[in-house]
Amino acid sequence: MAIVVASSNLLHFLPSSSDPPYDLLRIHPSISLLSKCRSLQSFKQIQAQFIKFGLHNTQFALSKLVEFCALSPYGSLSYAMSIFDSIHNPNHVIRNTMIRGYSLSSFPSLALRCYVNMLLDGLEPDSYTFPFLLKSCTKLSTADAGKQVHGHVFKFELEDDVYVHTSLINMYAQHGSLDDARMLFDKSDFRDAVSFTALITGYASRGYIDKARELFNAIPVRDVVSWNAMISGYAQIGMYDEALSLFNEMRKAKVTPDVSTCVSVLSACSHVGAIETGNWVRSWIEEQGQDSNLQLVNAMVDMYAKCGDLNMARSLFDGIREKDIISWNVMIGGYTYMSKYKEALEIFHLMQLDKGEPNHITLLHVIPACAHLGALDLGKWIHTYIKKYYHDFPNETLWTSLINMYAKCGNIEVAKQIFCSMKTKSLASWNAMISGLAMHGDANRAIELFSEMAEEGFRPDDITFVTLLSACCHTGFVDLGREIFNSMINDYNISPQLQHYGCMIDLLARAGFFEEAMSLVESMEMEPDEAIWGSILGACRIHKNL
DNA sequence: GGAAAGTAGT
């Protein structure tokens with residue numbers, strides 16, 4: 001429809017030559033249509049208009065076509081490539097746009113090829129070329145290309161351009177060459193929020209969080225992205241309280257948060273149960289009219305579920321019209337996290353009715369739910385699903401989860417089969433298998449497996465010892481229990497936690513060693529819980545010891 | 001026509 005209207009307005013605009021005046025081109029209605037284009041199909045209609053009016057012979061119009069295809073989410077990089085290949089002597093803008101398109105794609109090395117062709121065609125790069133090219137180099141796993149491009153920046157004397165300079169800092173910082181990044185940063189006169197932030201991200205992502213914070217404090221004028229970078233820097237290494245307190249500082253400094261801030265802050269809230277901050281973020285999102293932003297709604301569902309308000313999480317979740325895999329996963333994961341396994345499986349079924357394909361994270365939530373509910377049928381279905389789709393992509397956490405599920409559902413033989421067939425075992429998979437055997441009362445085999453595990457070079461952790469001690473507890477192996485408990489402390493340097501004490505005290509009290517059990521209670525660094533008193537009282541009853 | 005930041009699990 002729009003195209004018909006546009007073309008009737010265009011009749012008096014008919015080009016007399018293939019290169020009409022620049023200003024006339026800029027206001028050409030066919031070109032302004034591109035900004036409203038939402039599919040490749042309507043793009044092709046617009047392209048037909050370009051040809052009809054002779055615009056396709058102008059570099060300006062062609063650059064607009066390439067720009068849409070290479071950069072718009074509704075475009076297509078391969079279509080951009082075919083247009084590009086048909087252009088005779090493309091100018092700088094068009095080449096730079098192609099390089100930019102490649103830098104955003106999953107084939108950043110094509111940007112380098114495009115750049116080399118540009119040089120071979122006798123064109124010199126300009127100050128727009130390098131930021132895109134360097135972004136592509138940043139995405140590559142090796143630093144070699146980036147260093148060579150840095151050489152070209154010198155050769156073409158563009159090292160003083162702010163954008164080129166910042167792109168170089170970012171490239172070195174992202175590759176972990178923090179000293180090189182810092183050197184560029186220090187020797188230059190322009191230091192703005194962008195170059196600071198590039199460096200901060202580099203330091204924070206390599207674990208130098210204090211150095212990152214030092215730089216953050218030194219930024220002359222911070223913008224919202226600098227705050228976001230520092231907040232997410234804290235969040236990514238699990239320093240959620242610091243992330244949230246920095247967010248409060250940001251609010252005090254009257255910096256307006258954006259979508260990215262909200263995503264990081266909500267994630268931090270969900271990890272520490274900070275529902276009040278979460279509520280504040282939610283009202284901000286509603287004020288801004290961002291409450292249909294899928295990413296934000298997903299983050300809110302996750303936050304409310306992890307903070308324990310499952311009703312709020314569910315009502316937000318139900319309001320999502322087009323749920324993506326993350327929407328499903330956070331809702332299923334939220335129920336599992338709160339031990340609402342039945343509800344978790346209900347959502348999983350809804351997902352299947354909605355033709356949603358689970359991924360490994362979905363399954364990682366669903367399998368424990370099966371284990372707790374004894375839903376062996378669904379568990380077996382998932383087992384088959386994993387064998388079918390994850391055969392070439394072995395994920396040991398999934399197999400470990402299945403071992404745990406089969407063991408809990410009583411099918412220890414299948415658990416053993418899975419364990420034996422695992423090519424690479426993790427500490428968690430050994431723990432799951434040992435615990436499965438212990439659960440089935442096969443303490444001897446559990447201890448045997450423990451020795452095998454040590455022979456294969458795995459160092460047991462606190463979970464391994466909970467498992468072993470509970471095996472002794474179930475079978476009444478008092479001496480062995482004592483030995484393991486002492487070995488844990490003396491040989492493996494693991495200080496006992498509440499669960500370890502719980503197993504030991506239960507084991508001793510049941511066997512009638514009340515004094516030893518009580519002296520263990522007194523030696524604990526933490527307060528005994530009700531389970532510990534419960535096991536002592538229970539043992540008193542068995543032994544009729546009033 | 002441009003550079004910096006962000007979601008689900010282990």
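Side chains are part of it too, since the values below use all heavy atoms of this structure and drop only hydrogens, waters and symmetry mates. Lettering of chains follows the sequences in order, A, B, ..., and the numbering in each one begins at 1. The model shown is predicted, which means the values in this text are computed figures rather than measured ones.
- Residue A:R113 places its CZ atom among 12 or fewer non-hydrogen atoms of other residues, nucleotides or ligands, all under 6.0 Å distant.
- Atom CD1 of A:I94 and atom C1' of B:dG1 are 11 Å apart (whole Å).
- Screening residues 211-261 of chain A for ring-ring contact (aromatic ring centres under 6.0 Å, His included), with sequence neighbours left out, gives A:F216-A:W227, A:Y240-A:H271, A:F247-A:W280.
- Sequence neighbours left out, not one pair with a member in residues 344-353 of chain A passes side-chain hydrogen bond (donor to acceptor under 3.5 Å, both in side chains).
- Among the heavy atoms of the strands lying under 4.0 Å from A:S127 is at least one base atom, whether or not backbone atoms are also near.
- Residue A:S103 comes nearest to A:K135 through the heavy atom pair OG-CD, 3.6 Å, listed as atom of the first residue, atom of the second, then distance.
- In summary, the side chains of A:Y335 and A:R314 do present a donor paired with an acceptor at a separation below 3.5 Å, with no hydrogens or angles considered.
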- If a protein heavy atom is under 4.0 Å from the base, mark B; if only from the sugar-phosphate, S; if neither, -; do that for nucleotides 3-10 of chain B going 5' to 3'. BBBBBBB-
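- A:D126 comes within 4.0 angstrom of a nucleotide base, judged by non-hydrogen atoms across all strands.
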